[in-house]
Structures are given as structure tokens and as C-alpha cells.
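Note sheet for the following structure.
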Number of protein chains: 2
Amino acid sequence: MSAIAATLKPRKAPIQERSATTVATLHAAAIQVLIKDGLDRCTTTRVAERAGMSVGSLYQYYPNRDALLAAVLEKHLDAVADAVERACHDLEGMPLASLASGLVIGFLRVKLGDPEGSKALYGVAEGRGGGDLAAKMQARIVAAMSALLASAPDARFDDPVMTSAVAFSALAGPVRLLLKGEAPAGFQDDLQDQLIRLLTAYLQSYSVGRGTGR
Amino acid sequence: MSAIAATLKPRKAPIQERSATTVATLHAAAIQVLIKDGLDRCTTTRVAERAGMSVGSLYQYYPNRDALLAAVLEKHLDAVADAVERACHDLEGMPLASLASGLVIGFLRVKLGDPEGSKALYGVAEGRGGGDLAAKMQARIVAAMSALLASAPDARFDDPVMTSAVAFSALAGPVRLLLKGEAPAGFQDDLQDQLIRLLTAYLQSYSVGRGTGR
DNA sequence: TTCCAAAGTGAAGGATTCTTCAGATATGCT
DNA sequence: AGCATATCTGAAGAATCCTTCACTTTGGAA
């Protein structure tokens, strides 16, 4: 837990129901402002205004702007990690090709479900503790994928953690490209097929009966 | 050219030699501040101070802070694009396996040459026109790689642009992971081998004599 | 050596943003 | 109804930061 972690944690937990609503509204507003005005202009006042409340309410739950943004980011990253973990669970024991397509489909669904929100959060993940949260998500996903790979009946991975980390980040790259709008025309149309092909090919290089690949 | 592009361009070009030095010093200082203090605290005054000059000098060449950061980022992205283009040129006509390792090695060399600088610039690439610059670099690289793939003797790519975009961003993902320090222990040691394996497998899925793979 | 343009200086105005806190309201229990 | 507590409000102080510009210094051509 880094030194700044303490100052990034929520200030107090909602007790009554209306405060839970307030926090939820705050999160939604933060994302909306992030999308419409960008990270720089995602100010504490603007978020409160968008949420239809006063700044004071915001500071009742978060000690500062970054804590709010961190909370929003964490929620998103947790959703992603949950989705991948679930996919890993469902794919247990299946052959490589199935793992690849299942993972890609699951990942794309959760990431492309709210494209604008996903895009807006990339910026948040850059600074102020976003790295720690991203690392945490990474760790969860790598752990789940490692276990999955180890259970594959038709392959043997000498370093499942390494393979998982490379595999997942290799999927994340193109998705980021798409979300950020830096991709060529028609990128989205074939993305899923291409990622499945990519992951399948990578994983199958570890197929039994194909040598260690080295 | 977006609306803000004009305000992000340098203000005036260096004429005398000492001004060229000033600009170079400014760039170096910006990167140092970026590394040591982070994007938020990479302020116009701090950069000038680090560069050993007054703020006024900075504003002589850049209309605002973002223009300076954009210039620094652009230089880095151009270097990356140059490196990949050069690699593509040198690999012309070679078999798939050679292309894969050549591209990976070239990309890693330029990106990992100055790890701290590369890392610091990720944040800059997020906001203020960084996307446009990244897109430009992407376009250059995809163009070069597409031509290279089309020239491969042992494969037939039905959509070289798509394949190149996926391939490059798939390499960029793990590299970002490493640079951001969110990777598992020992990640760096095997990264090159793993990326070569990844890219080779992906490209070879288009090998002649292996079907179109759809 | 003389002189003009290039380059550099840095204090200060203008504009935001963050965050606090004393007071006003709302809620739910007795 | 009455009370204790949970929430909410929003003006204002404190802290930065951005950017300008009138002035000084340096470079080099005539």
C-alpha cells in the first residue's frame, strides 16, 4: 500500500440509502464529465454540478478529487477483472482454441460494453494511483488465466504467469487502440476475429506435440 | 488538423544557434520534470527552472505548456516510427519468422532505450492532442508494416492494414505493461522471446499452405 | 565599432481549482 | 411530536498555475 493510498480512500461509508444514491450519482456524473470535458476539466465543482448537488457533498465521501476518480476507476477495473475471472472459470478444462475465443469474447464484451466510459478512464489510469489499481487488476487476471492455462488438456506452459501477462496485455493493446479512436477504418469489424486468431496462435505455440517452441 | 492543433504548434523557429540549444534544453528539462514530478506537477515554471532559464524563454518558443509537451511527445513518437520504418525497410522480402523477430527487436530497442522517458510520455499521450500524434505514428507504422507484409514471400495477407494494426498494438500492450511497472517479476527477462513468439505465431497463421484461416 | 534583431528575463495580473466549515435540512426512531 | 444523527449546502480562503510584456543582454552583419 503506497503512501498516498490512504488519502485516496473514501472518507466515510454511506449509511442511509440516500447517501448510497449520492455516491452512485457522483460516480455517474464523474464519468459523464470525464467523457464530455476530459480529465483536465473534470473538476470537483463540475462533477458536483453535473450530479445536481453541492461540492460539499462530494467531499463528504471523498477527501479529494483523485479519491473520487480512483474509486470510479477501481469499479471499472474490478468489473473487467470479474468478467475475465468468470470467463476463466467457465472455460476450465477446455481446449486451447476454446480458451482463446472465450477469453477474447469475454474481454471485449466488458470493455466494449460502455466504450465511452472505458475510453475516458484510460486517462485516469495514467496518474494518481491509477497504476496501483491497474496492477491489482492485472494481478487478478494473470492469476486466473494462469490457473486456466495450467488446466488446459492440450498444452503445457512452462511459465503460465508470463504467458498470461503477455497474452492479456497483447489483447489490451488493440482494444485500447480502438477505444482511443486511433485505429484504421474498419478496425472494429474484424477485431474480435483477429484477437481470437492472435491469442489462439500464441497459445497453440505451446501445444503438446509441437515441442516447447524453443 | 483539429481546431486546437494551431495552438499546439511551436511559436517561432530558432534562428541563431543558441536558441536551438535552448529548445533542446527545454525538451530535456521537460522530460526530467515529467519523470521526477509527474505530469500534473510538470509546470511551465518548473520546466524553465530545471532548464536553468526563465519562463519567458519557454513562451518564446511555445504558446503554452501543452505545446511544449506535444513537441516532446512528437519527437519521441517520430523516433519510434522511424525505427519501425527502418526495420521494415531492412526486412523487405524476408520470411515471416525473420519479420517477426526483426520487428520485435527493433521496437523493443527504441522503446526500452530510455525506459523512464518512454514511461513518462504515456501520460502526455493521453490528453491534449496526444491522441492525434499517436494516431499519426500509428498510421506511419501501419503503412510501413503493411507494405512489408505484402512483400512476404511465404504468406498472403488479405488485409495487411488490419493485420499490421493488430500486430503492432499487440506488441505495444506488453511493452506498456513493462514500462508502467505493472508487470509480474521477471517479465522483462523473457519479454523479447515472448513477443517474437506471439508475433511469429500470429503472422504464420497466414502462411501459404495453411489456408486463409478465414 | 555600431546598431538592429534575436534571445532572454522575471515580476505581476488574471483565472482556476481545491477544500473547508458553520449552518441548514432531512431521516428515522422513540 | 421531538430528538439525535446523517446529509447537504455553497460562499470564501488559500494555493497554484498560466501567460504576458516592458526591459535587458547577446550575436553578428555592416
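What you see is a predicted model; the values in this text were computed from it and never measured. Order of the sequence lines sets the chain letters (A, B, ...), proteins ahead of strands, with each chain counted from 1.
Regarding contacts with the backbone of D:dT16, every side-chain N or O of B:R46 stays at 4.0 angstrom or more from both OP1 and OP2. Remark: A:S19 is in phosphate contact with D:dT7, judged by side-chain N or O atoms under 4.0 Å from OP1 or OP2. For D:dT19, one of the phosphate oxygens OP1 or OP2 lies less than 4.0 angstrom from a side-chain nitrogen or oxygen of B:Y59. At D:dT9, one or more side-chain N or O atoms of A:S54 fall inside 4.0 Å of OP1 or OP2 (strictly under the cut-off). Here A:R41 does not reach the OP1 or OP2 of C:dT16: none of its side-chain N or O atoms lies under 4.0 Å away. Residue B:T44 places no side-chain N or O under 4.0 Å from the OP1 or OP2 atom of D:dT19.
As rounded to whole Å, 13 Å separates atom C1' of D:dT19 from atom CD of B:Q60. Rounded to whole Å, the distance from CG on B:L68 to P on D:dC17 is 16 Å. Straight-line distance from the CG atom of B:L58 to the C1' atom of D:dC21: 16 Å, rounded to whole Å. Distance, B:N64 CG to D:dT19 P: 5 Å, rounded to whole Å.
A:T43 comes within contact range of the sugar-phosphate backbone alone, with a heavy-atom separation under 4.0 Å but no base atom that close. Here A:Y61 lies in heavy-atom contact (under 4.0 Å) with sugar-phosphate atoms only.
Between C:dT19, D:dT19, C:dG8, one nucleotide has an atom nearer to the side chain of B:T22 than all others, and that is C:dG8. Closest to the side chain of A:V55, out of D:dC18, C:dA7, C:dT19, is C:dT19.
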Using atom types as modelled, flag every donor-acceptor pair under 3.5 Å from a side chain in residues 114-123 of chain A to any protein atom, sequence neighbours excluded.
unit_1	atom_1	unit_2	atom_2	d
A:D114	OD1	A:G117	N	3.2
A:S118	OG	A:H76	NE2	3.4
A:S118	OG	A:K111	O	2.8
A:S118	OG	A:D114	O	3.1

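Closest non-hydrogen pair, A:V110 versus A:A83, comes out as CB-CB, 3.8 Å.
Contact of B:S57 with C:dG8 (side chain to base): no donor-acceptor pair of N or O atoms is detected under 3.5 Å.
Taking the six-membered ring where tryptophan is involved, the planes of A:F107 and A:F168 are perpendicular, since the angle between them exceeds 60° and thus also 30°.
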